[in-house]
Amino acid sequence: TFDDLANKSRVIGNLSEDSLKQVLAVADAVGQKYPVSANQALQAIINLQKAGINAVPDIEAVIAPIADLAALSDSGSIDAASQTVIQVVSSFKELADGVTSSYENAAVAADILSRGADNSTASVESLSAGLANVGPTAASFGLNLEDTVAILSLFEDRGIKGAEAGTQLKSVLTNLTRPTDAVKNELKKLGIQLTDSKGNFRDMNDIINQFNDAFNNTTKVVTYSSKVTGDNKKELDLATKAYAAAQRAIFQYQNGLTTGSLDQKKANDKIAEYQMVLNNASNTITKLTGNQQDAAKITTEITRTQQQNFESIQKVFGTYGQAGAAILTSLGDDAIKNFTDQMGRLPTAAEKAQLSMQSFNGQVEQLRGSTETLLKNFFLPMIQTIFEPFVRGMLAITNAVLRLDPEIIAITSTAVAFGAILASIVAAVSGAIGFFVTLGGAVLSLGTVFFSYGSFIVATISGFAVGLVAFVAAAIPVI
């Protein structure tokens, strides 16, 4: 109940009465503005208090973006939203470039999560689940929240969702830095530098770009296409890149490196689509090079190179991490950066939340939360002014009885039990007499009245006598 949560908040936050009133006022305000109840808002506040946020102004500042995030989530749970923000702030050093991870910047965290969901097939919940699996690991590799959400969102668009996306990214990062000769030698062969001159882990976008440069190293292709110049050269470069991208995608489906490959029919349909891209690109290459022989050399070299690339991915990223690595390297240069740039152009969480609450469903949910808050505000004073004093009074009486001499309690309970038994016997006898008298019909109607009055008199006298005995038994020792 709200009263229980209020007491819990007071204890956890070590709040004074005035501070508690302010906290409860914040919960009420959230319950009126957002599609959550005051009870749910107070539970989220308790989560923040457990995380060390106890000052009322700080609570008020953080709970607003959390409520925005809850309004944009599928579940609408402010409890879950608060736990996500707490987890994010505690996991990452930075939320975005130059933005320190702190509760003061909770609105930035909410913006990143909502924008990641808006810019992909992900949801706030699925991104939260992914972050729960990879957050601390991503932070240790120098990734901020924004880059991590971008990668998880890209994975979601390609079938790796929720917690699985977080586990996949974790495998990509940990396998990439395995201290084995096989990994080190492969990275050296590809010319990949994981750290800068100061020993810091490079930006993930830059690392993926390095892999793309290595995987697209088509020196022989350049040699074969050296006769092409000018605008035709630019068009040929585009055609060879399209051919390489399509070939890479086909390898993904053929080698089970994308979740879509698990469905054989869908995989075959995708392979057929990319095969059409290969054919179109091949025709363009043939047209621009001017002869079939040079075109065949180019496409053969690209195919051979793509096979080598996948072998490199398997060596560096391992059996499990290769799926995520294949996705990231198939998206082209600056895929992560481009995604975060797109996120930055989307509305903030606060703006989106207000828009969502203007819809009919949003207003219905908001009405539900406000109604729950209203009921709480209506009944809580009644409980505090009427029922709580009654409960306290009954508790005081019970405790007073418990403090009596055990012998008094024993005598009293025995007398009460005896009185109850005697009253039951009298009631049973009276009922039996009444039953038999009723069978007498009209002839014995006068007798029925007599016995009924007799039963009443006997029961009354017996009850009085039992009560008197109990009272005397309890009073004599006290006196």
Side-chain angles (χ1 to χ4, degrees), residues 1-2 4-15 19-20 22-92 95 101-117 122-133 135-136 145 148-149 162-163 166 348-350 352-354 356-357 365-366 368-369 372-373 376:
T1 64
F2 190 81
D4 293 333
L5 290 173
N7 187 56
K8 192 174 182 180
S9 175
R10 179 181 62 80
V11 173
I12 294 174
N14 193 25
L15 301 177
S19 294
L20 178 59
Q22 293 176 42
V23 167
L24 300 185
V26 171
D28 271 350
V30 173
Q32 294 171 29
K33 182 178 179 181
Y34 293 91
V36 298
S37 67
N39 284 35
Q40 294 167 333
L42 186 52
Q43 180 58 64
I45 290 173
I46 291 172
N47 293 340
L48 294 175
Q49 289 175 319
K50 290 180 179 179
I53 305 176
N54 293 311
V56 176
D58 294 341
I59 291 174
E60 195 168 8
V62 177
I63 198 67
I66 288 175
D68 291 331
L69 191 62
L72 297 173
S73 66
D74 293 338
S75 67
S77 171
I78 192 172
D79 181 27
S82 66
Q83 293 180 24
T84 295
V85 171
I86 291 170
Q87 169 213 321
V88 162
V89 170
S90 62
S91 296
F92 289 90
L95 299 177
S101 182
S102 67
Y103 290 110
E104 293 178 355
N105 294 322
V108 177
D111 290 345
I112 291 170
L113 286 162
S114 66
R115 285 167 170 169
S123 65
V124 171
E125 285 87 351
S126 65
L127 290 174
S128 298
L131 288 169
N133 280 359
L145 174 65
T148 305
V149 165
T348 65
K352 287 280 293 181
Q354 290 304 311
S356 70
M357 288 187 290
E365 287 300 311
Q366 194 172 359
R368 179 183 61 79
E372 290 181 18
T373 301
K376 181 270 299 180

Heavy-atom closest contact (Ala41 atom, Ile63 atom, distance): O-CD1, 4.3 Å
Donor-acceptor pairs are to be reported for all side-chain atoms of residues 103-113 against protein atoms at under 3.5 Å, with residues two or more places apart or in another chain.
unit_1: Asn105; atom_1: ND2; unit_2: Thr100; atom_2: O; d: 2.8
unit_1: Asn105; atom_1: ND2; unit_2: Ser102; atom_2: OG; d: 3.4
unit_1: Asp111; atom_1: OD1; unit_2: Ala349; atom_2: N; d: 2.8

Those residues that, when tested against Ala6, pass side chain to side chain contact (heavy atoms under 4.5 Å, CB included) (two or more places apart): Leu24, Leu42
Between Leu127 and Gly116, which heavy-atom pair has the shortest distance, and what is it? CD1-C, 4.0 Å
Using modelled atom types and a 3.5 Å cut-off, is there a donor and acceptor pairing between side-chain atoms of Ser101 and backbone atoms of Val89? yes
For residues Thr348 and Arg115, determine if any side-chain heavy atom of one lies less than 4.5 Å from a side-chain heavy atom of the other. yes
Results of side-chain hydrogen bond (donor to acceptor under 3.5 Å, both in side chains) for Ser82 - residues two or more places apart only: Asn47
When you compare the side chain of Leu15 with that of Gln49, does any pair of heavy atoms fall below 4.5 Å? yes
Counting only N and O atoms by type, is there a donor-acceptor contact under 3.5 Å from the side chain of Gln40 to the main-chain atoms of Ser37? yes
Shortest non-hydrogen contact from Ile12 toward Asn54: O-OD1, 4.3 Å
Could you point out which residue of Ile59, Asp4, Val23 forms a side chain to side chain contact (heavy atoms under 4.5 Å, CB included) with Ser9? Val23
What's the separation between atom CD1 in Ile45 and atom NZ in Lys8, rounded to the nearest 0.5 Å? 13.5 Å
Once you round to the nearest 0.5 Å, how far does CD of Gln354 lie from CG of Leu72? 10.0 Å
Rounded distance (nearest 0.5 Å) linking atom CD1 of Ile46 with atom CG of Asp79: 9.5 Å
Quick one: list whatever passes side chain to side chain contact (heavy atoms under 4.5 Å, CB included) with Asp74, sequence neighbours left out. Ser123, Glu125
State, to 0.1 Å, how close Leu69 and Ser114 come at their nearest heavy-atom pair, and which atoms those are. CD1-N, 4.3 Å
Judged by modelled atom types alone, do Asp28 and Gln32 share a side-chain donor-acceptor pair under 3.5 Å? no
If I compare all heavy atoms of Ala163 with all of Asn133, which pair ends up nearest, and what's the gap? O-ND2, 3.0 Å
Please enumerate all residues that pass side chain to side chain contact (heavy atoms under 4.5 Å, CB included) together with Gln87, with sequence neighbours excluded. Ser91, Leu131, Ala132
Who passes side-chain hydrogen bond (donor to acceptor under 3.5 Å, both in side chains) against Asp58, sequence neighbours left out? none
Can you find a pair of side-chain heavy atoms, one from Thr84 and one from Val124, that are under 4.5 Å apart? no
